[in-house]
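Each chain gets a letter, A, B and so on, in the order the sequences are listed, and its residues count up from 1.
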Amino acid sequence: MNGNTTTPLLSFRGLKKSFSGKTVVDGISFDLYPGQVVGLVGENGAGKSTTKNMLCGLLEPTGGQILVDGHVVERNEGHAHGISAVHQELSLFGSLTVAENMCIGSMPGSRLRIDWREMERIVREQLDFLGMDIDPHATVNSLGAGMQQIVEIGKALLHADKVLILDEPTTSLTAVEREKLFLILDKLRDRGIAIVFISHFLEEIYRVCDSYIVLRDGQQVASGQLADVTQRQLEALMVGRSFENSPDTIRPVTGSCEALRVENLGSADFRDISFAVQRGEIVGIAGLMGAGRTEVAEAIFGLRPATGDVHVHGKVVPERSVAGMKRLGVCYLPEDRRVNGLFLNRAVRENLSVAAISRFIRRGLFKLGFSGERQATQAVVDSAGIAIPHINVRVDALSGGNQQKVLLSRWMATEPEVLVLDEPTKGVDIGAKFDIHTRIRELAEHGAAVVVVSSDLPELLQLSHRILVMRKGRLVGEFSREEFDSVRIISLAASVDDKVA
Amino acid sequence: MKNTIRTVFTRQKWLPIAIANVAFATLLALVSPAFLSLSNFQSMLVQSGVTAIMAVGMTFIIITAGIDISMGAILFFTSALFAQLMLDTQSYLLAFTAAMCCATLLGAINGLLVIRFRMSPLITTLATYSIYRGMAIHMTGAQNIPVPREMGFLGNGRVMGLPVPIILLFVIVVLGVYVLNHTRLGVYARAMGSSARSARESNLPSNSVTVLVYGMGGFVTGVAALILLARVGGLQSGIGIGIEFTVIAAVILGGTKLTGGSGTVIGSVFGAFFLVLIDNGLNLLNASPYIYDIVRGVVLLAAVVVDRVSARRQEQVLSALRASRLDEASSSRCTRGRDGEQALLGQR
Amino acid sequence: MIKALSDSVRSYPVAPVLVALFVGFSLFSPYFLTTGNIEAMLTANSVVLIASIGMTLVFLMGGIDLSISTVISASAVIAGLVMAASGSVLLGALAAMLVGLCFGLLNGLLIGVLGLTPFITTMATQLIARGVAFVLSKGIAVQGTPYSMMDFGFLSIAGVPAVTWAGLLVVALCLLALTQTDWGRHVMLIGSNRNAARYAGINVRLTEVSVYAVSGVLGGIAGFISIATLGNAIPGVGDTLLLIIIGAVVLGGTTMEGGEGSIARTVLGVGLLSVLISGLNLIGIAFYDQLIIQGLLIFFGTWLSMKLSTRRH
């Protein structure tokens, strides 16, 4: 490794990037020394991914200087300069083996023959170095998300072992897998590898990093040692204003009229799930990734098979389906809006009206046509504050926040009395998040029953009257608002005693 | 034990079709003892040769999540070029070299078009299908051209007692298996079919692999064309029409998925052989030649239905496995679950 | 005005090419712009028009129906046999549609309910339909077509052949169904994102089955019409049509990925291919050179449509 700690491995001076004249990122300047772990933080849209792509050589900056080992270079060669990156979406091949995946960039052997033994040796060595016991011959498809992440890191470090860039590496990991990952990062740091760690979770930044860089609106607004700054201050730097707390008091539930009751729901992914939601009540479901929350929500709507009963307004639902639940005034906002929610290459208009078409149109002769749809959807867009150029724009041209608002508005149009919202603010900016929270509160105040599934615990603490905690497919706890205690909820959700394979 | 059998079946995707071959052959042997002769097997291998050879190339293309509808047209073009050159120059050397080069080139052009214009391989090769066929007929002036009698050697001749097409098939299969399993090209091909995005991000030479794979498809189609020409005795206007679908059927029967990412050369060859077995069986039954299409269609459907159903069963097994883990987790952590409840009770 | 024009050119990039070809051929060949030729052109392409509409619906939903070509053959043969036996044209038409419906339902159930890949499934049913056509006809044209059927082929209403009217009726009905009904909206949305359609409460399976069924029925109608235009039910009639049908659809700018395209575009695509074929015939281009030109046109036309539609967004 680089013994000389006085020259930085990598330095950036005034890095700038513009797309078609519009400056997205400007003034990124920092040094990376061996064994240093830098946390790159910022809100959504602050320019983190553009910066990341410039760091790893995927994007060429439009201005500024890059120094490798103290020398100015023409362009960032990425791998050739020892820089490797693990992106949020893993670049693995599911049908290939672990060994093939890790060595794909530089296969041992000649052009005409792969040296399988050498490959296995390299891979075993790398896996030993990471302290992981993974079968090199297993196909990646057969591994869990955490293992895949580690294979990806092993692969990245095989190709370039000076600087490692990690983009939101923990989003799909369980708590144990996350801890395992952090141990590996500690080990890498001790070996003199410089790490850039990008994360939404400031707790993780504090756990892993020693210094930080804050981005806001494409500008580098602060940098320094983490020891010198509190988490509150860091949050304030990210947001650009002091962190406002939304109202600590929420309107209590009036009366008790049960809107949704789930009884003994069970399937391969969860067991014995029973809970009830009153009208006007917001119930949060907390838990770690993979605790079975989304699976429960989908089972309520018949999107996956399950045993047990669902009651709506006191009556059992005979055959669960999205359409049937819609008729009963129950709707579901899926977790991954791009995969399961939106029709990306269709107009905003069609995306808005699909769930409640009859409320948007006047059916003419022979029940044909969609007259009035344009005006009606435009009215929805205006009232929900969705920023779009015109109603027929394709929905994939919108920002994450606006996309989520479109999805929410689609289901609001059905005038639901019970809503199940799965990660309603995932990947949206703070403004849109605030708007969405306001709408959820309004809904509850007007008597709707709301279930919010979220991995963002502060969100649940702010919004909910009650929080249910799921762990490993079971409901393991229930907290009413007076009992809210983030530490206890997290420890209940994450108290794990099983070992990672 | 049951588990290992399942692993073997999921890993060796050619096993089901191999077993189907054996089972069906046994059935035919029981019905007709004449079926079981060595000469009959040789003749069936020869019959399946053209399809099997092309299927080796198609397997590579499908593994990269591509497809080549123009293979039949390349087959026809190569046959036409060879026959025409033989007629004009009588030079075997010239005709052979030109035909093989041309076949490879036409395949490679498909690959080049796919990477350059970024349209779906289906549409791209549908267009070149029309273009290649048109060019071939243009070249020969829509004539049927006989080839010299010595050409028959390629189709019916024997070397050391083995029919030449079988030897060629064997060589190509061995090469195919080797390239797919022991070279970077093979790994890259599987990788590209598995995830095009990852391939891009890993800087794989996707473009070269695409051109190579389609070029190889063209090359083996050239070999198949010469064998076919030798067996038929000359260029006929119907050569190659619809054969791409037979080839795709062989590959699918062999357990390769159209979505790409994995597949085996051996499976595709077994698939091609199975199609010939069916023909043989129908022949034994003295069935109308027109009924062959129906039976092939039904067999293909049956194969994909069985595949789908077994995939579903596998999903069920997996989910049962998940469920059992859920049970273990709960029994081993019973106390802890109670702890959680106690914590809650305490708070109330 | 100019903006509106350029917008419509972008939505229908084929239109100016069609106009240019039409004018060009009219200048090159004195016979091109005669009522006789126009009528012949319309008659000859009604089968392709009807089948292309079926393929368009399937493409819009993100599927593919390779079987439509030989479903044309199978339904033509069965309709021909029914008509020869009964002498009733109406029964023949019903038989053709029923055959198409059966194949369409088979495709739909296998793809929509069992979850098979559309390409392989319809490749298999293509083989089956072809076999049915050849087995039932013993490989030769079905004899004994009623005279009234032949008359139908020559019938002309308001200067337009009756078979073309039939095609236009199909176009109008499908256009209405696709753009003015919830069913059509659902087809487009499933093509755009099948998962999202499921999560939005659309009955995806039913819609998929119905689209393949409609495609089959349109194949059946096309088969019936083929008897009128050719005078006999021919078992090989559909074999060569697949290329032209898919070509017309993608040339018009409907993509195979689904959710993008329209029936109007396919009509233009069919128009372009028919003008091209007719014109090339008239100026004496051999059939094999036409194959080359068709291939080039399909390739570059599709590429152009794709380019323009991506730039639009």
Could you tell me which portion of [X] (side chain, backbone, both or neither) has an atom closer than 4.5 angstrom to a non-hydrogen atom of chain C?
{"X": "V305(B)", "result": "both"}
{"X": "I291(B)", "result": "both"}
{"X": "A136(B)", "result": "neither"}

Pairwise distance [atom1]([X]) to [atom2]([Y]) - rounded to 0.5 angstrom:
{"X": "L116(C)", "Y": "L301(B)", "atom1": "CG", "atom2": "CG", "value": "7.5 Å"}
{"X": "I131(B)", "Y": "I293(C)", "atom1": "CD1", "atom2": "CD1", "value": "10.5 Å"}
{"X": "R308(B)", "Y": "L110(C)", "atom1": "CZ", "atom2": "CG", "value": "12.0 Å"}
{"X": "I120(C)", "Y": "K257(B)", "atom1": "CD1", "atom2": "NZ", "value": "8.5 Å"}
{"X": "Q290(C)", "Y": "H138(B)", "atom1": "CD", "atom2": "NE2", "value": "13.0 Å"}
{"X": "R116(B)", "Y": "W303(C)", "atom1": "CZ", "atom2": "CH2", "value": "6.0 Å"}

> Would you say R313(B) has more than 12 foreign heavy atoms packed within less than 6.0 Å of its CZ?
Replying inline: no
> Quick one: are F119(C) and I248(B) in side-chain contact, heavy atoms under 4.5 Å?
Replying inline: yes
> Between V304(B) and L114(C), is any pair of side-chain heavy atoms under 4.5 Å apart?
Replying inline: no
>> Heavy-atom pairs under 4.5 Å with chain B: which of I298(C), L297(C), L243(C) has the most?
In response: L243(C)
> When you measure from the side chain of S130(B) to the backbone N and O of L291(C), does any donor-acceptor pair fall under 3.5 Å?
Replying inline: yes
Considering non-hydrogen atoms only, spot the tightest contact between [X] and [Y] and give its length.
{"X": "V113(C)", "Y": "R312(B)", "value": "O-NH2, 3.6 Å"}
{"X": "Y290(B)", "Y": "G139(C)", "value": "OH-CA, 3.5 Å"}
{"X": "M256(C)", "Y": "S120(B)", "value": "CE-OG, 3.5 Å"}

> What residues of residues 123-136 of chain C sit under 4.5 Å from chain B when only non-hydrogen atoms are counted?
Replying inline: M123(C), A124(C), T125(C), Q126(C), L127(C), I128(C), R130(C), G131(C), V132(C), F134(C), V135(C)
> Looking at L126(B), I69(B), D307(B), which one has more heavy-atom pairs under 4.5 Å with chain C than the rest?
Replying inline: L126(B)
>> As a quick check of understanding, evaluate side chain to side chain contact (heavy atoms under 4.5 Å, CB included) for I64(C) and L122(B), giving each step before the final call.
In response: CA-CA 11 Å; I64(C) 190 167; L122(B) 182 66; 3.5 Å; yes
>> Below 30° counts as parallel, above 60° as perpendicular, anything between as tilted: where do the rings of F117(B) and F299(C) land?
In response: perpendicular
>> Is L66(C) in contact with chain B via its backbone, its side chain, both, or neither, using a 4.5 Å heavy-atom distance?
In response: side chain
